[in-house]
Amino acid sequence: MNISVNSKKNTFHLYNDEISYIMTVLPNGQMGQLYFGARIHEREDYSYLLEMKSRPMTACISEEDKLFSMEHIRQEYGVFGATDYRMPAVEIQQENGSRLSEFLYDHYRIENGKPSLSGLPATYTENDREARTLVIILKDPVMQIRLELFYTIFEKGGIITRSARFVNEGVNEIHLASAMSICMDLPDSDYDWIQFSGAWARERYPVTRHLTPGIQSVGSLRGHSSHNHNPFVILKRPAADEFQGEAIGFSLIYSGNFLARAEVDSYGTTRFTMGIHPEWFNWKLSPEETFQTPEAVMVYTDKGLNHLSQTFHRLYRERLARGYWRDRERPILINNWEATYFDFNEEKLLQIAQKAKDCGVELFVLDDGWFGQRNGEHAGLGDWFANKEKLPEGIIGLSEKIEDMGMMFGLWFEPEMVNIDSDLYREHPDWIIQTPGRKTSHGRFQYVLDFSRKEVVDRIYGMMSKLLSDAKISYVKWDMNRSITECYSASLPADRQGEVYHRYILGVYNLYERLTSRFPHVLFESCASGGGRFDPGLLYYAPQGWTSDDTDAVERLKIQYGTSYCYPVSCMGSHVSVTPNHQLSRVTPLHTRANVAYFGTFGYELDLNKLTEEEQNEVRKQVLFMKKYRRLIQFGTFYRLQSPFENNVAGWMVVSDDKKEAIVGRYKLLNGANQPFERMYLKGLDENTKYLVNGNETHYGDELMHCGMVTTDASAGEAGPDEKMSCDFDSELYVIHAV
Ligand code: DGJ
């Protein structure tokens, strides 16, 4: 990995074994983009990549040069207004009303490793040899604003991270109306755009369309990254698929309002921009102040979408997630939410915990309803002390009893919210986000605390840290169950109201940072009505997240499959719940519920006392299975094999780094009569190694990958003597060991 600088040509080339990223200073002093893709040779001169052409109806920068128009030049951080008509990376409102800016190259510096981003989550290195960072420093001579563009190349993987920092070196205040994290101009537009969209209980379904002239975008204006669109987009060549071909993934390490946008211009080039959503964003930058954008991560591959995902998985698992739990197998938990909802007392909880303990479960999580007057959705949020009617000995007493059983204890919070019926609201009705003179909307009867205010965050920190210090709490589920509306902060002046959404998220990050550093051994799981804030920003603080409120196995198959395009298995909260399922009323076999939930952090969301003796024994076996294989599942290499969005039979697998172990999950949606023969083509094995499949047959890796593993079930005909009849939503796991 290196960064080479050609100072004669003012060209910068970041490269490692897989990729090259090349840019140059343009004749007018702005930064031009030359290439991002597979590694290419180092050359003296790449200026041929700077395509310019005289075209009618083109405004040119100077009368001396009829070719030079920013309209036709690929740039690193485009601005609108001076011959470039595309959507910009930056827009700055100045005191005289002008919005024009011009950032000219000043100098560069190279740092070993990767600097952290103040107050923001970001990927990191553990030593300076893992990555190098190029900082290009540009200046706007009129505003005297310094712009620093950060580019980090990692030693391994086709990864470039980017962010921008603005420093006001002038004497006037300015307003950043748009400051994207990344602007990437690609030379053509022959790409399929894949976004990950959905809604509550059906998050992150892949949606694909070919890029067309004009603008296509996804984003969120809900104050959180949202169930609706994830801050992750892939541009892939139409011929690329899971196992071959070119693709670029763009991921934003941010949990608030975001925009991902591709603009295809009339000449077929594509400008991709991603960052904080400019709508309702307006950041006042006074002299000497700085503004740091969130980080965007770009991954290039020419080996297909699985390889793209695996690069994100490793990076996010090892160099975004942090702390004690980062590399540790995740405890198998039982959560009481779907077992009791708000209707519980200590006795009931202890019964649930005891049965779970008998079945081998390691962590008991008490969900919503344990605090204040929280007997339903109308009251209690904000009062983070135990409801003594339900828990006479409080959280301290309950946590000790759970620990005495030999289990860890975990607790649910929703730190950012308040009910009107709460002591906190009665004391501080002015602490919620609301616009003066306007109605304030509720969501689930709750209101959003103004986390842009330090005193609000401090108060919540005080309540949470007291509990975490006093009681034996090993795990926190941090929930967030509504979007922001009527966004306005009573603590900020009129000309800073455009900062509220971003300051809110900075407040969330601040609370996470303080809690995770003071309680480093506590495992945090993020949640937002399921997957409403399932993004890389929170992965920095919480190494796992509740993937979706939908616990139905068939729906989860799709949700986890879609989520896996960017996020590693180790971060996907996944539980076995009861049937009929509470979200869909669907009945699925217990083994299928587990076979899906294994590919995540694994746990149960039901009262095991209510299962039959036979089912409880099955649960015991499931827990033993997960304990045996969770290192492989959570930290192995994950492959999507067959999509549940396109096939009746879906499949995925994990393979250990040494290729000696693998587990394949095969999932059938509907059963059918007299079905075709079926094989699953495995991946990632060693061609020359002999593997034992489910303790029965042995096959070489090349057979399993090229001939395929035969998975035909009884529905292809009559059930044979040793065969069980298949059913709807049936599934099978194949455990594969090298012999
Ligand atoms: C939404 C979460 O996603 C659920 O798991 C549960 O914690 C409820 N909130 C509790 O209110």
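Worth knowing before you read on, the calculation uses all heavy atoms, side chains too, and leaves out hydrogens, waters and symmetry mates. Atoms within each ligand, like the ligands themselves, are counted from 1 in listed order. One is the number of the first residue; the rest follow in order along the sequence.
Not a single side-chain hydrogen bond (donor to acceptor under 3.5 Å, both in side chains) links Q351 to another residue, sequence neighbours left out. For R518, there are no salt bridge (Lys or Arg N to Asp or Glu O under 4.0 Å) partners, not counting sequence neighbours. The side-chain hydrogen bond (donor to acceptor under 3.5 Å, both in side chains) check on S564 picks up R640, with sequence neighbours excluded.
In this model, no donor atom of one side chain and acceptor atom of the other lie less than 3.5 Å apart for D368 and W337.
Checking each of K558, R556, R204 against T563 for a side-chain hydrogen bond (donor to acceptor under 3.5 Å, both in side chains) leaves exactly one that passes, namely R204.
Within 4.0 Å of ligand 1, protein heavy atoms come from W337, D367, D368, W412, R444, K477, D479, N481, C527, S529, G530, W546, D549.
Closest approach of V576 and L606 over heavy atoms only: O-CD2, 3.8 Å.
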